[in-house]
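Quick notes on the structure that follows.
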There are 2 protein chains.
Amino acid sequence: MALRFALLGLLTEEAATGYDLSTTFKKQMTHFWTAHHTQIYRELLKMEEAGLVTSELVVQEDLPDKKIYSITDQGRSDLVAWLRAPSEFKPKMKDENLMRVSLLHLLPPDEAIAYLEESKRHHEMAVEMMHVWRQAHLEQGATLGEKLTSEYGLRMMLNYLEWCDWAIEEIQKTNTKSSLR
Amino acid sequence: MALRFALLGLLTEEAATGYDLSTTFKKQMTHFWTAHHTQIYRELLKMEEAGLVTSELVVQEDLPDKKIYSITDQGRSDLVAWLRAPSEFKPKMKDENLMRVSLLHLLPPDEAIAYLEESKRHHEMAVEMMHVWRQAHLEQGATLGEKLTSEYGLRMMLNYLEWCDWAIEEIQKTNTKSSLR
DNA sequence: AGGGCCATGTAAGTCGTTACATGATTGT
DNA sequence: ACAATCATGTAACGACTTACATGGCCCT
């Protein structure tokens, strides 16, 4: 259900095609949700059936035809009702990276550290991309939600980098201890 | 596939029933993965077929019978192979809380703040539970993975609380600004 | 010449959730 | 009396992923 409300949320700002929605998803929401374009297209069809959105077909000559979706009043009220519904704050995380981290004691220490250092590099790149994105979007037409979640994503990534340094030290400590024995 | 390796990882420490695995999952891995017992039982059956685990039926009198699963050599080597396989560091998050946060501008500011404050309370409780868990488990038989991921969970939650305070202030700022106009 | 962007979707499969079912024991 | 703990599972559904398919335009 949350994907449905994510799409409705994006459509409150402006009408968009499935393609637009799927690229926006990738750029803005990576830090808390992911969705493939195939899933988004099918969800939009269901949402149209349910009367939450309407679509207008735009025929194009050089580019493929497209369908522009707009939110309906029904869609707006469903969205606000969901926002107000008591949620349970049970994060349903699926973080494969952390899954691997939780098993790093099964690899030799140098491999474990190499893994963490590679993950650091990825996160550092993500932090830089986030800075670029924020300079382009904030202070000029970003919604409150975008401000809050991009700040959240940034803080979490910086926090991850700090934790990574701590974790690498921790592995080195236990490593030198056991090699003294 | 990750669930499979999570279960194999737990079984490297000691043989366990599906029930045990599912409770351990809830306690230790909430911060990066969730799984219902129904899914775990089915996965264990598939893993036994694939020769990654073996089970031994223990008949009990007062309590229900149980099946104790042990990891096989095949299971161990599959697990290490997965740990070494190049991963893509694409976190596949599904965080319904953040999803709601990203849409808070659709609620009146006081409701948005109330939402964040409730989520703070939940996270504060989670932080306290984490402290209790760590005092019971660390420094006495916790694996490196448990140390690393529980520290990770703790840091992320504390970071969340700080971000929450920032977010509440941010909403109050934009609120007073617009009411001056 | 090859890849990326635009734009849509189908089909098949896997993963994950919810509801239901059983049944004795221990604690409040 | 009622809920929780122990212990397992089936069935039905919904969410999500992966592979495949189309086709022209623009850039290097």
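Every chain is numbered from 1, with letters handed out A, B, ... down the list of sequences.
Distances shown here put a side-chain N or O of A:T17 below 4.0 Å from the OP1 or OP2 atom of C:dT8. Distances shorter than 4.0 Å separate some side-chain N or O of B:K46 from OP1 or OP2 on C:dC15. Between C:dG16 and A:K94, a contact under 4.0 Å exists linking OP1 or OP2 to a side-chain N or O. Remark: A:Y19 is not in phosphate contact with C:dT8, judged by side-chain N or O atoms under 4.0 Å from OP1 or OP2. A close approach under 4.0 Å does not occur between any side-chain nitrogen or oxygen of B:Q60 and OP1 or OP2 of D:dC6. Between A:Y41 and C:dG9, a side-chain N or O to OP1/OP2 separation shorter than 4.0 Å is absent. Distances shorter than 4.0 Å separate some side-chain N or O of B:Q39 from OP1 or OP2 on C:dG16. In terms of phosphate contacts, A:K67 brings a side-chain nitrogen or oxygen within less than 4.0 Å of OP1 or OP2 of C:dG9.
When rounded to the nearest whole Å, the span between NE2 of A:H37 and P of D:dT18 equals 12 Å. One atom, NE2 of A:H36, and another, P of D:dT17, lie 4 Å apart when rounded to the nearest Å. Rounded to whole Å, the distance from CH2 on B:W33 to P on C:dC15 is 10 Å. As a whole-Å value, the separation of B:K26 NZ from D:dT5 C1' is 11 Å. A straight line from CD of B:E48 to C1' of D:dG9 spans 14 Å, rounded to a whole angstrom. When rounded to the nearest whole Å, the span between CE of B:M99 and C1' of D:dA15 equals 16 Å. Whole-Å rounding puts the A:I40 CD1 to C:dT10 C1' distance at 17 Å. Distance CG (B:L44) to C1' (D:dA7): 13 Å, rounded to an integer number of Å.
Judged as a side chain to side chain contact (heavy atoms under 4.5 Å, CB included), and not counting sequence neighbours, the contacts of B:V58 are B:Q60, B:K66, B:I68.
Of the candidates D:dT17, C:dT8, C:dG23, the closest approach to any side-chain atom of A:K66 belongs to C:dT8. Among the nucleotides D:dA12, D:dG23, D:dT17, the one closest to the side chain of B:R42 is D:dA12. The side chain of A:Y69 approaches C:dG9 more closely than any other nucleotide in the set C:dG23, C:dA7, C:dG9.
In summary, the side chains of A:Y152 and B:N159 do not present any donor paired with an acceptor at a separation below 3.5 Å, with no hydrogens or angles considered. B:Y160 and B:S119 share a side-chain donor-acceptor pair at under 3.5 Å.
Heavy-atom distances to DNA chain D give each of A:A35 and B:G18 a nearest nucleotide, and the one nearer the 5′ end belongs to B:G18. For B:T38 and B:D20, each mapped to the nucleotide of DNA chain D holding its nearest heavy atom, the one lying further toward the 5' end belongs to B:D20.
The pair A:R121-A:E118 does not count as a salt bridge, with every side-chain nitrogen at least 4.0 angstrom from each carboxylate oxygen.
Counting atom types as modelled, B:R4 pairs no side-chain N or O with a base atom of C:dT14 as donor and acceptor under 3.5 Å.
With rounding to the nearest 0.5 angstrom, the CG atom of A:L116 is 10.0 Å from the CG atom of A:D165. Within the model, atoms CG of B:L8 and CD of B:Q74 stand 10.0 Å from one another, a figure rounded to the nearest 0.5 Å.
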